[in-house]
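Okay, so here's the structure we're looking at.
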Amino acid sequence: DGGITQSPKYLFRKEGQNVTLSCEQNLNHDAMYWYRQDPGQGLRLIYYSQIVNDFQKGDIAEGYSVSREKKESFPLTVTSAQKNPTAFYLCASSPRTSFHEQFFGPGTRLTVL
Amino acid sequence: AQSVTQLGSHVSVSEGALVLLRCNYSSSVPPYLFWYVQYPNQGLQLLLKYTSAATLVKGINGFEAEFKKSETSFHLTKPSAHMSDAAEYFCAVSDSKAAGNKLTFGGGTRVLVKP
């Protein structure tokens, strides 16, 4: 079955540590996205990528980094510079023919202790 | 810049009653509009979308939404609520299908269904 997978579902880290969240899709979509979700704030865009080896900052990129070495994969690293990293992180992808139609993964809940 | 406002962060309805979730948007060009549903600790699932065809859009699970340009609204309705409709609902807007375009989300409305 085609879809988007995110791993792990729950992640715990100590303050000051970098952590990488995985996102993989087998939908053959060109674009991929990372969102952060906090209660009552909807979803906020962190980074997005339209093609391999290229990505752009979203609205809240500070303290995060990404890479897009393969079409299928778009990992997100939450660095120690991110002041409030505890959140629910959602990955999405969309096809070239309609970038506005985004399909979401199940999410990763990151808790920094 | 585009924006989305969802009126009411929480809505409580009785099972069998009408569900009405409000969404107003701002966009400098004719928009593409979406409603997504999120169940606890899960990703977002597309309920329905408006892409400049019919103004009344039917989606999954008995939901529908009407695009009203004069009111800049895209309210979501379901005639009869079911317990399984308890979830959080997000309205989103995009002003282009082009590359580099982004979705802008509202703050979400959490629906509680009372038996």
Side-chain angles (χ1 to χ4, degrees), chain A residues 3-11 21 23 25 27 29-52 54-61 87-111, chain B residues 1-11 21-25 27 29-53 57 59-60 74 87-110:
Chain A
I4 302 173
T5 57
Q6 292 186 242
S7 61
K9 188 167 181 61
Y10 297 96
L11 189 56
L21 282 59
C23 177
Q25 55 99 0
L27 300 168
H29 285 173
D30 291 282
M32 297 186 73
Y33 311 79
W34 274 105
Y35 291 91
R36 170 182 172 137
Q37 185 177 21
D38 297 282
Q41 296 192 44
L43 279 71
R44 293 181 290 168
L45 183 65
I46 304 172
Y47 269 98
Y48 65 101
S49 167
Q50 300 167 46
I51 56 174
V52 174
D54 186 46
F55 48 83
Q56 286 78 41
K57 293 181 178 179
D59 300 319
I60 56 164
F88 191 50
Y89 291 88
L90 288 159
C91 179
S93 69
S94 61
R96 175 188 299 271
T97 52
S98 54
F99 280 113
H100 60 305
E101 295 195 35
Q102 296 181 18
F103 298 82
F104 285 80
T108 292
R109 186 166 297 281
L110 172 64
T111 302
Chain B
Q2 55 198 24
S3 66
V4 177
T5 301
Q6 291 183 240
L7 294 177
S9 60
H10 292 79
V11 169
L21 305 182
R22 299 180 186 275
C23 172
N24 289 88
Y25 69 91
S27 176
V29 298
Y32 298 100
L33 293 157
F34 306 84
W35 275 100
Y36 287 87
V37 60
Q38 185 181 34
Y39 298 100
N41 292 312
Q42 294 187 25
L44 274 66
Q45 180 183 4
L46 182 66
L47 273 178
L48 50 79
K49 61 185 179 185
Y50 167 76
T51 56
S52 74
V57 181
I60 62 172
F74 190 57
E88 189 159 20
Y89 294 80
F90 293 92
C91 182
V93 64
S94 169
D95 62 9
S96 172
K97 295 174 66 174
N101 181 55
K102 299 177 292 182
L103 278 178
T104 299
F105 287 85
T109 298
R110 189 173 297 278

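Every chain is numbered from 1, with letters handed out A, B, ... down the list of sequences. If you're wondering where the values come from, they're calculated on a predicted model, not measured in any experiment.
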Which answer fits [X], side chain, backbone, both or neither, if we ask what part of it has an atom under 4.5 Å from a heavy atom of chain B?
X	value
A:Gln6	neither
A:Leu45	side chain
A:Asp59	side chain

> Using non-hydrogen atoms only, which part of B:Thr51 is less than 4.5 Å away from chain A: side chain, backbone, both, or neither?
Replying inline: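 For B:Thr51, side-chain heavy atoms alone lie under 4.5 Å from chain A.
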>> Please classify the contact of B:Gln38 with chain A as side chain, backbone, both or neither, using a heavy-atom distance under 4.5 Å.
In response: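 Side chain of B:Gln38 only, per the 4.5 Å heavy-atom cut-off to chain A.
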> Got a sec: does the CZ of B:Arg22 have more than 12 other heavy atoms crowding it under 6.0 Å?
Replying inline: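 12 or below, so no.
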>> If you count every heavy atom of other residues, nucleotides or ligands that lies below 6.0 Å from A:Lys9 atom NZ, does the total exceed 12?
In response: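 For A:Lys9, atom NZ is crowded (more than 12 foreign heavy atoms under 6.0 Å).
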>> Regarding B:Gln6 and B:Tyr25, do their side chains bring together a donor and an acceptor under 3.5 Å, going by distance alone?
In response: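 No, no side-chain donor-acceptor contact under 3.5 Å.
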>> When you compare the side chains of A:Gln102 and A:Ser94, does any donor N or O come within less than 3.5 Å of an acceptor on the partner?
In response: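 No, because no side-chain N or O of A:Gln102 sits under 3.5 Å from a partner of the opposite role on A:Ser94.
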> Of the non-hydrogen atoms in B:Val93 and B:Ser3, which two are nearest, and what is the gap between them?
Replying inline: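 Distance-wise, the nearest heavy atoms are CG1-O, 4.1 Å.
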